[in-house]
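Since the structure comes first, as structure tokens, the remarks are kept for the end.
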Amino acid sequence: MQKNILHLDLDTFFVSCERLIDSRLQNRPLLVGGTGDRGVVAACSYETRLYGVHSGMSMTVARRLCPQAVVIKGNSGIYTKYSHLVTEIIKEQVPVFEKASVDEFYADLTGMDKFHGTYKYASELRQKIMKDSGLPISFGLSCNKIVSKVATGEAKPNNQLKIDSGFEKSFLAPLSIRKIPSVGEKTYQILRNLGVDTVSVVQQMPVELMVSALGANGMTIWKRAQGIDNAPLIPFHERKSISTERTFNKDTIDTARLRTTIFAMAENLAFQLRRANKLAGTLSIKIRYSDFNTYSKQTKITYSSADHTIIPKALELFEKLYNRRLLVRLVGVKFTDIVSGNYQINLFDDTEEMLSLYNAMDHVREKYGELSIMRASSLGAKTIGRFQNPFNGEPPVLLAHRKQ
């Protein structure tokens with residue numbers, strides 16, 4: 001059966017949310033992000049892009065390029081609220097969907113041609129989202145995820161585009177090679193040095209040449225340029241919490257050891273959030289004393305996955321909860337109220353240096369393992385429980401050997 005994959009993307013999501021709650025911002029150049037001189041642009045309106053502004057750019061540079069822009073710090077709580085609203089609408093209307101990020105979705109409409117017509121159904125879904133949420137949204141419809149995603153990009157702003165079966169290559173051919181997902185700045189420069197500027201050039205190249213130049217990624221890019229993509233949809237399953245605990249071999253009252261363990265667990269869980277593009281809105285600390293009495297304390301935090309936001313809060317909660325007169329048997333850290341969202345969503349006050357540091361540390365962990373790089377403050381707690389991708393839809397692993 002011919003696949004029909006729909007890709008939906010909320011246009012300039014943060015900007016659209018801000019304009020929804022303040023109509024005075026309509027049609028004005030708008031920057032959302034860090035308001036300080038060292039802040040980062042989290043989102044920008046189409047008006048600012050005409051001046052060369054883009055997300056991830058230094059706010060200082062963005063202001064210099066577009067001095068007339070209105071700068072807003074942003075509110076992640078508002079963006080999460082509208083993301084949930086759109087998610088619920090899609091969940092009610094389609095049989096299978098994947099939430100790729102806070103503002104991006106895939107839906108499998110295969111087989112619906114018999115009853116509705118997939119393009120008609122997708123159009124009605126888009127109209128319903130715009131009516132019920134008040135937010136602009138674009139979509140692309142084709143036989144696979146990659147072509148649909150590229151089609152959405154070509155449809156923007158606030159429009160829709162269907163690529164009929166058999167026309168995938170001709171649709172992609174005239175586009176810039178940068179339109180292909182997985183072609184970043186470094187890959188683009190390598191391809192330009194090879195004389196590649198449009199997708200059509202890659203379509204005519206031998207796959208062996210692409211692999212020779214780019215390795216395994218060359219094969220991926222070549223297939224995508226041909227309109228070939230067999231990646232399945234990952235059915236939407238939003239995990240509500242992640243946690244880790246440590247039961248000590250011997251009950252302890254060593255406060256330095258306890259703080260180090262809390263620090264290391266919070267650091268690791270924050271990394272798990274970032275690698276899955278998740279944010280946590282609630283943090284809790286658990287302590288079990290030698291008499292087996294167990295206590296916990298939680299606090300709301302601004303949706304975040306940043307160490308420097310989460311770790312101090314975790315240590316602060318521990319200090320409030322800990323009774324220094326009793327030996328401790330177990331400590332634990334838990335994140336709840338988890339939502340999808342790109343890491344930049346909580347960088348409104350952060351610097352380019354901080355963003356670069358997190359990216360570098362996470363890259364090392366992904367390549368060499370979670371213990372390959374740690375902060376000095378967590379070096380004494382290497383034996384805490386760690387796990388692989390808690391957001392893969394699988395239930396948490398039960399550690400039968402763990403002492404309670």
Side-chain angles (χ1 to χ4, degrees), residues 1-13 15-17 20 46 82-183 198-200 203 223-237 340:
M1 183 179 293
Q2 176 63 50
K3 285 280 189 179
N4 284 280
I5 305 300
L6 174 68
H7 176 260
L8 294 150
D9 198 346
L10 290 157
D11 295 342
T12 57
F13 180 49
V15 169
S16 297
C17 289
L20 191 61
Y46 285 109
Y82 281 106
S83 178
H84 279 319
L85 173 59
V86 175
T87 302
E88 290 303 311
I89 296 171
I90 295 173
K91 186 187 297 185
E92 292 174 358
Q93 300 296 317
V94 301
V96 180
F97 79 100
E98 173 184 338
K99 187 171 184 179
S101 71
V102 70
D103 59 353
E104 185 180 7
F105 308 83
Y106 292 95
D108 191 344
L109 305 184
T110 304
M112 297 186 70
D113 263 331
K114 295 181 179 179
F115 308 101
H116 308 283
T118 51
Y119 184 71
K120 180 176 183 293
Y121 192 84
S123 300
E124 292 173 352
L125 174 60
R126 174 172 170 257
Q127 292 300 322
K128 180 174 177 58
I129 292 171
M130 290 192 294
K131 178 182 177 182
D132 292 356
S133 70
L135 297 170
I137 188 168
S138 299
F139 80 67
L141 180 64
S142 78
C143 65
N144 62 52
K145 293 172 74 172
I146 289 297
V147 175
S148 293
K149 182 178 177 68
V150 175
T152 302
E154 293 303 292
K156 287 185 173 185
N158 199 23
N159 213 328
Q160 57 194 54
L161 179 61
K162 179 186 179 184
I163 308 303
D164 291 323
S165 178
F167 289 87
E168 294 84 10
K169 284 186 68 172
S170 59
F171 160 67
L172 295 170
L175 303 179
S176 167
I177 189 60
R178 299 193 71 171
K179 297 290 183 72
I180 298 295
S182 77
V183 177
T198 62
V199 176
S200 62
Q203 290 176 347
K223 285 184 176 180
R224 291 178 173 181
Q226 312 299 325
I228 301 171
D229 175 48
N230 298 316
L233 260 69
I234 302 172
F236 177 69
H237 174 76
S340 295

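FYI, the numbering just counts along the sequence from 1.
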Could you go through the side chain to side chain contact (heavy atoms under 4.5 Å, CB included) check for K3 and D108 one step at a time? CA-CA 8 Å; K3 285 280 189 179; D108 191 344; 3.5 Å; yes
Hey, could you give me the NZ/NZ distance between K99 and K91, rounded to the nearest 0.5 Å? 9.0 Å
Donor-acceptor pair, Y46 side chain versus T12 backbone, under 3.5 Å? no
First locate atom OG1 of T198, then atom CD1 of I180, and finally report the distance between them rounded to the nearest 0.5 Å. 10.5 Å
Taking ring-ring contact (aromatic ring centres under 6.0 Å, His included) as the definition, give me every residue that meets it alongside F171, ordered by chain and number, with sequence neighbours left out. none
Rounded distance (nearest 0.5 Å) linking atom CZ of F97 with atom CD1 of I90: 6.5 Å
For the student: nearest non-hydrogen atoms of R224 and P181, plus distance: NH1-O, 2.7 Å
So do the side chains of Y82 and L10 get within less than 4.5 Å of each other, counting heavy atoms only? no
So, taking the atom named NZ in K149 and the one named CG in D229, what distance separates them when rounded to the nearest 0.5 Å? 11.5 Å
Could you give the distance from CD (E98) to CG (L8), rounded to the nearest 0.5 Å? 12.0 Å
Strictly by salt bridge (Lys or Arg N to Asp or Glu O under 4.0 Å), give each pair with a member in residues 150-161 just once, sequence neighbours left out. D9-K156, E154-K179
N/O donor-acceptor pairs under 3.5 Å from side chains in residues 135-144, not counting sequence neighbours:
residue	atom	partner	partner atom	Å
S138	OG	D11	OD1	3.1
S138	OG	D11	OD2	3.1
S138	OG	N158	N	3.0
S138	OG	N159	N	3.1
S138	OG	N159	O	3.4
S142	OG	N144	N	3.3
S142	OG	N144	O	3.0
S142	OG	S148	N	3.2
S142	OG	S148	OG	2.8
N144	OD1	I146	N	3.3
N144	OD1	V147	N	2.9
N144	ND2	G227	O	2.9

Do any N or O atoms from the side chain of E168 and from the backbone of G166 form a donor-acceptor pair under 3.5 angstrom? yes
Working note: E124 + K128, criterion salt bridge (charged side-chain N to carboxylate O under 4.0 Å, His left out); need CA distance, chi angles, decisive distance, verdict. CA-CA 6 Å; E124 292 173 352; K128 180 174 177 58; over 6 Å; no
Minimum heavy-atom separation for K145 to P232, with atom names? NZ-O, 3.2 Å
Heavy-atom check, side chain of K169 versus side chain of V199, under 4.5 Å: no
Do T118 and K162 have side-chain N/O donor and acceptor atoms under 3.5 Å apart? no
Does some side-chain heavy atom of T87 sit less than 4.5 Å from a side-chain heavy atom of F105? yes
Sub-4.5 Å side-chain heavy-atom contact between E104 and F13: no
Residues I5, L233; criterion side chain to side chain contact (heavy atoms under 4.5 Å, CB included); working and verdict: CA-CA 9 Å; I5 305 300; L233 260 69; 4.0 Å; yes
Which distance, rounded to the nearest 0.5 Å, do you find between the CG of L109 and the CG of L125? 8.0 Å
